[in-house]
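Quick notes on the structure that follows.
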Amino acid sequence: METRRRFPPPSCTSPSPAATLRSLPAAPRSSGDRIQASDALPIPIRHTNLLFSLLFVCSIVFLMRRWRDKVRESIPLHAVDLSELVSIISVVASLIYLISFFGIAIVQSIVSSHEDEVDDFLPDSKMTPSPAPPSDLAAPVLAGREDEDIIAAVVAGKTPSYALESAIGDCHRAAEIRREAIRRISGRGLDGLPLEGFDYGSILGQCCEMPVGYVQLPVGIAGPLILDGKEHYLPMATTEGCLVASTNRGCKAIAESGGAASVVLRDAMTRAPVVRFFTAARAAELKFFLEEPTNFDNLSVIFNRSSRFARLQDIQCALVGRNLYMRFSCTTGDAMGMNMVSKGVQNVLDYIQNDFPDMDVISLSGNFCSDKKPSAVNWILGRGKSVVCEAVIKEEVVKKVLKTSVSALVEVNTIKNLAGSAIAGALGGFNAHASNIVSAIFIATGQDPAQNVESSHCITMMEAVNDGKDLHISITMPSIEVGTVGGGTQLASQSACLDLLGVKGACMESPGANARLLATIVAGSVLAGELSLMSALAAGQLVKSHMKYNRSCKDTSKAASN
Ligand code: ADP
């Protein structure tokens, strides 16, 4: 997490209240301040853009016609009358505007996010890690030295362990040497931790520092989950016996009832910096400033320059005394989006600092975001993808597959998931075990497992429908944080699991569609998991089945028929 503090000038005199960006022309602009072409007129950017585009097109059309007539009538082209002069000036002025608005933004985005664009045009580079050492391993100073010398240097503290990759120029050899150095320093081996069979180059500078091996996790497949008319086979990385079998049983019940349906209600990653002023009144001024639609339009342009995929949706403000928390929400294409939204927020903070020079940026993340911590803000407003998923499970399926009854399920759900969680003071925990399924799919598909905290917020509802015969089950999950590009999704194993789900990498036709589909699959899998565990509880089978699958070494392949 990048954090940055700015300090206000020693003697702070608050500028006069500012309702809009353009009402502050007298504010001192630093040399690095970028004057926006959109500042040309005091109207919203989209109207300014439209106006100049129209002016450009109309003037060009007028001039072409005039010149065509002149050619026909053999009048010299350089004999320009007033209307032509005005048109020429309009063309030049609108061209300058359009180039400075779109042209500079395009050039800036190429220069400032060169890496992003490389990713965008070479999507497969994210999916297939290159076995060759990355370019930042240039000039490997220890490459020619014997392993034994390098290990001794690390043990003696002469060569830092973290520098091995760049000093040797070979990620696998660096991991091997580090491992041996650790063995000698700690006096303990790492015998059970595999070293071979992993591409250490693929994690360099992205996923894990100072690697010495990798942990093996079994991946089971549940399904097919029938969701929105499509079949999905669910990869689940877990060491909890019964989990895959139980989810599989839930999938079977859903499939035999005609499938589940899902809706993505909202799609926006958040980041909330905290800034401080000398007075609460001044902090409130910035809040009102951000709430002005004109200012929001301006700041969106600044924010969206962080990536082709970042699109600012909303800024939600909260004040604590003289501290202002600004919760930025934006769509992030197929990326989970934390890096993208953080870059956009940094752009905006830099920009508004010009108009609010007394703003002290305390932290780029002020916890109102809120990332990897239980919080009501995510539960209420959502973070990442907000998804609702439902199914009607037929009476005979409840009996045959789930071995219970609709009334027993409804009763247990009300007393356990609703009333029980209420007296426990639950925050987003109105479910039986959403986090079990979320974690297993997150690990299998290269998501950030720490985001399981808010991604598992879920309320499970069960009602008897169709004259009390069938079961309507729904799960509502407001904060599923997933991506199909970036982070751990690029690694070979995780990428294979994404591929199995048909959501590997960036969606070329509709950026963001892969990540949204993955979020609905997570929700559908949670629905299956809730159905099965709640049925086991309703039927009093939980302990029995756990004893069977957790404590025995018997073949569990028959679990689906439970
Ligand atoms: P995050 O923001 O989730 O932490 P990254 O910082 O790795 O993830 O950003 C995702 C990267 O993938 C960016 O460099 C972005 O340009 C690139 N990318 C390529 N295609 C897409 C897409 N369809 N959606 C989002 N990002 C994409």
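Note that the numbering runs from 1 along the sequence shown for the chain. When a ligand or atom number is given, it counts from 1 through the structure's own listing order. This one's a predicted model, so the numbers in the text were calculated from it and none came from an experiment.
At under 3.5 Å, not a single nitrogen or oxygen of Gln206, backbone or side chain, sits near a nitrogen or oxygen of ligand 1. Residue Ser307 places no N or O, backbone or side chain, under 3.5 Å from any N or O of ligand 1.
Near Met336, meaning under 4.0 Å from any of its heavy atoms, are these atoms of ligand 1: 3 (O). Which parts of ligand 1 touch Asp334 is read off a 4.0 Å heavy-atom cut-off, strictly below it: atoms 22 (C), 23 (N), 24 (N), 25 (C). Those atoms of ligand 1 with a heavy atom of Val485 less than 4.0 angstrom away are 12 (O), 25 (C), 26 (N), 27 (C). In summary, the atoms of ligand 1 found under 4.0 Å from a heavy atom of Met338, numbered by their order in the structure, are 1 (P), 2 (O), 3 (O), 4 (O). Listed by number with element, the atoms of ligand 1 under 4.0 Å from a non-hydrogen atom of Thr332 are 24 (N), 25 (C). Counting atoms of ligand 1 from 1 in the listed order, those under 4.0 Å from a heavy atom of Met340 are 2 (O), 25 (C), 26 (N).
Considering all non-hydrogen atoms of both residues, Ala523 and Ile480 come closest at CB-CD1, 4.1 Å.
A donor atom on one side chain and an acceptor atom on the other are not found under 3.5 Å apart for Thr331 and Asp267. No side-chain donor-acceptor contact under 3.5 Å links Gln494 and Thr489.
A salt bridge links Asp371 to Arg383: at least one charged side-chain nitrogen sits closer than 4.0 Å to a carboxylate oxygen.
Atom CG of Leu225 and atom CD1 of Ile254 lie 5.5 Å apart (nearest 0.5 Å).
Residue Asn514 does not touch ligand 1, judged by heavy-atom distances below 4.0 Å.
Proximity of the aromatic rings of Tyr214 and Tyr200 is defined here by a centroid distance below 6.0 angstrom, and this criterion is not met.
Distances from atom 7 (O) of ligand 1 to the heavy atoms of Ala506, Gly486, Gly337, Ala310 show the closest one on Gly486.
Of the candidates Phe289, Tyr351, Phe288, Phe289 is the only one forming a ring pair (Phe, Tyr, Trp, His ring centres under 6.0 Å) with Phe356.
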